[in-house]
2 protein chains.
Amino acid sequence: MIFLDVQELFSQIETIHPIIPVSEKALSTICRGVIFSKGKNVQEIGHTCKTIYFVKKGGVRIYYFKEATDITESFEFENAFVARAESLFTGKPSRKAIQAIEDTTLIAIDSNKLFKLFDTHHDLERLFRKIIETSYVNTVNRIESLQFNTAEERYKALLKDAPDVLKRVPLKHVASYLGITQVSLSRIRGIK
Amino acid sequence: MIFLDVQELFSQIETIHPIIPVSEKALSTICRGVIFSKGKNVQEIGHTCKTIYFVKKGGVRIYYFKEATDITESFEFENAFVARAESLFTGKPSRKAIQAIEDTTLIAIDSNKLFKLFDTHHDLERLFRKIIETSYVNTVNRIESLQFNTAEERYKALLKDAPDVLKRVPLKHVASYLGITQVSLSRIRGIK
DNA sequence: CAAAGGACTTATCATATGATAAATAATCAT
DNA sequence: ATGATTATTTATCATATGATAAGTCCTTTG
């Protein structure tokens with residue numbers, strides 16, 4: 001029996017929706033610790049997502065290809081949850097991959113086992129409902145920014161709301177995340 | 001006691017996650033029927049969202065203003081659920097309004113009462129978790145289309161995936177939904 | 001029915017962003 | 001360290017979309 005350190009995970013859970021000890025216990029039994037070095041794929045394109053990850057250390061991005069162009073859908077760093085929703089919640093293979101953008105330590109939660117736990121551990125279902133709600137709100141806000149803000153406005157908003165992303169991620173990935181080419185981002189940054 | 005016809009609602013629920021009769025009963029006690037004529041706001045900008053709507057008949061849009069420009073965030077028609085997530089799940093006032101785009105009959109579900117029911121009716125929480133998951137997947141897919149598809153690609157995708165929207169909604173609202181001006185949409189439609 | 005307003009299209013010109021290429025700069029592997 | 005990738009910037013030109021304006025068509029309303 002190897003001990004997995006789930007302290008960061010449970011600290012984070014505490015801030016979202018506290019769960020009772022028996023639920024903590026149940027949850028920890030379906031967690032695995034996994035490590036990926038920078039650049040390695042955590043999950044591949046075409047794989048059906050059956051895992052929810054929690055980032056203990058480092059960071060990951062979800063990305064896909066459109067006509068040979070690498071597009072970053074999202075970044076996640078310490079204390080965030082990561083999953084490819086369009087696969088996890090539909091059971092279909094994902095067109096997207098998850099990649100470690102730094103040397104990264106993750107906790108992998110088996111989603112099928114988690115969903116089963118929801119039957120007996122009501123508080124776990126509520127916890128994950130709240131996590132999904134938060135992710136949903138974030139994507140709704142992101143749609144708003146992509147719908148009618150200029151590339152420059154989106155860049156400046158990112159600079160304001162998540163300056164750490166700019167420090168930890170290659171600009172080419174930031175560019176595609178913002179919905180523009182790297183050259184355009186460079187031009188926008190160049191203007192003072 | 002006025003009888004509210006919740007048949008369409010429960011038929012739709014059946015397709016998502018069946019609930020037991022006692023939960024149906026509990027849910028129906030927190031539902032109100034409401035009617036709005038075409039053009040009327042169902043909820044106003046600045047109002048904190050405490051209602052989840054189900055569309056029985058007609059259709060609505062969620063919209064907001066960016067610098068005096070009316071922007072449609074989303075459309076919903078028969079058998080869909082509608083709420084302003086960024087307000088409902090955060091408790092903050094919404095910058096968005098909900099408007100009837102046709103003469104519309106809605107079922108209004110009190111969200112605070114619903115959230116309380118989750119404590120005693122586990123299946124209701126699961127039902128709404130699944131509804132949120134589906135909405136989340138839809139927004140993730142929408143981000144993908146806004147991130148790197150051209151306006152023309154987005155228009156053609158809408159034409160393919162939701163041709164009824166084009167038939168039921170003024171093009172000016174479709175245009176802002178697609179993230180372009182009405183004039184651009186008209187140009188795109190004009191080509192061939 | 002007439003008038004008025006709203007919806008949609010078309011045209012012109014302006015601009016932000018894309019595509020490509022080339023030059024530095026930074027990072028990585030041997 | 002050295003050379004080889006990879007990341008970033010800068011420049012030029014092309015293009016999709018925006019802004020504005022004008023005109024047509026449709027709908028509403030008195």
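Below, read A as the first sequence line, B as the second, and so on, with proteins coming before strands; counting in each chain starts at 1.
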> Please give the angle, rounded to 10 degrees, between the axes at the start and the end of the helix from dC1(C)-dG30(D) to dT30(C)-dA1(D), where five pairs define each axis.
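The value is 50°.
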> Looking at Lys156(A) and Glu152(A), does any basic side-chain N land under 4.0 Å from a carboxylate oxygen?
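So Lys156(A) pairs with Glu152(A) through a salt bridge.
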> Of the non-hydrogen atoms in Leu106(A) and Thr104(A), which two are nearest, and what is the gap between them?
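Heavy atoms of Leu106(A) and Thr104(A) come nearest at CD2-CG2, 3.6 Å.
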> Is there a side-chain contact between Phe10(B) and Ser28(B), using heavy atoms and a 4.5 Å cut-off?
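They are in side-chain contact.
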> Let me know which of Glu44(B), His47(B), Glu86(B) forms a side chain to side chain contact (heavy atoms under 4.5 Å, CB included) with Ser94(B).
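Single pass found, and it is Glu86(B).
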> If hydrophobic residues (ILVMFWY) are linked whenever their side-chain heavy atoms come closer than 4.5 Å, directly or via other members, who joins Val22(B) in its cluster?
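For the cluster that includes Val22(B), the remaining residues are Ile20(B).
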> Pick out the pairs of N or O atoms, protein on one side and nucleotides 4-8 of chain D on the other, that lie under 3.5 Å.
unit_1, atom_1, unit_2, atom_2, d
dA7(D), OP1, Lys172(A), NZ, 2.6
dA7(D), OP2, Lys172(A), NZ, 2.5
dT8(D), OP1, Leu171(A), N, 3.0
dT8(D), OP2, Leu171(A), N, 2.8
dT8(D), OP2, Lys172(A), N, 3.1

> Remaining members of Ile45(B)'s ILVMFWY cluster at a side-chain heavy-atom cut-off under 4.5 Å?
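When side chains under 4.5 Å apart are linked, the cluster holding Ile45(B) also contains Tyr63(B), Phe65(B).
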> List in numerical order all residues of residues 139-147 of chain B for which some heavy atom is under 4.0 Å away from an atom belonging to DNA chain C.
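Contacts with DNA chain C under 4.0 Å: none.
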> Side-chain contact, heavy-atom cut-off 4.5 Å: Leu27(A) with Leu114(A)?
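A side-chain contact under 4.5 Å exists here.
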> Touch check for Gly179(B), heavy atoms < 4.0 angstrom, all strands: base, sugar-phosphate only, or nothing?
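The answer is sugar-phosphate, as Gly179(B) gets under 4.0 Å only of primed atoms, P, OP1 or OP2.
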> What residues form a ring pair (Phe, Tyr, Trp, His ring centres under 6.0 Å) with Phe54(A), not counting sequence neighbours?
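Here the qualifying residues are Phe81(A).
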> Considering only heavy atoms of chain A and a distance under 4.0 Å, specify the first and last nucleotide of DNA chain C in 5' to 3' order that meet this criterion.
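The footprint of chain A covers dT17(C) to dC28(C).
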> Can you sort out which residues in residues 148-159 of chain A have a heavy atom within less than 4.0 Å of DNA chain D? Ascending by number, please.
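Contacting residues: none.
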> Considering only residues two or more places apart or on different chains, which pairs with a residue in residues 142-178 of chain A satisfy ring-ring contact (aromatic ring centres under 6.0 Å, His included)?
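Matches after skipping sequence neighbours: Phe75(A)-Tyr177(A).
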> Do Tyr64(A) and Glu144(B) pair up side chain to side chain, a donor and an acceptor below 3.5 Å, judged on atom types alone?
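Side chains of Tyr64(A) and Glu144(B): no pair found under 3.5 Å.
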> Should the heavy atoms of other residues, nucleotides or ligands under 6.0 Å from NZ of Lys116(A) be counted, would the total exceed 12?
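No.
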> Would you say the side-chain atoms of Glu76(B) and Tyr53(B) include a donor-acceptor pair closer than 3.5 Å?
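No.
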> Which residues within residues 57-73 of chain B lie with some heavy atom under 4.0 Å of an atom in DNA chain C?
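DNA chain C contact set from residues 57-73 of chain B: none.
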> Let me have a per-nucleotide readout for nucleotides 20-30 of chain D, 5' to 3', with B, S or -, counting only protein heavy atoms under 4.0 Å.
B----------
> So Arg32(B) and Leu4(B), do their side chains get closer than 4.5 Å, heavy atoms only?
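SC-SC contact between Leu4(B) and Arg32(B) ruled out.
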> Which residues satisfy the ring pair (Phe, Tyr, Trp, His ring centres under 6.0 Å) test with His121(B), sequence neighbours excluded?
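Per chain and number, His121(B) pairs via ring pair (Phe, Tyr, Trp, His ring centres under 6.0 Å) with no residue.
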> Determine whether Asp70(B) and Arg61(B) make a side-chain contact, defined as any pair of heavy atoms from C-beta on separated by less than 4.5 Å.
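With C-beta onward as the side chain, the pair touches.
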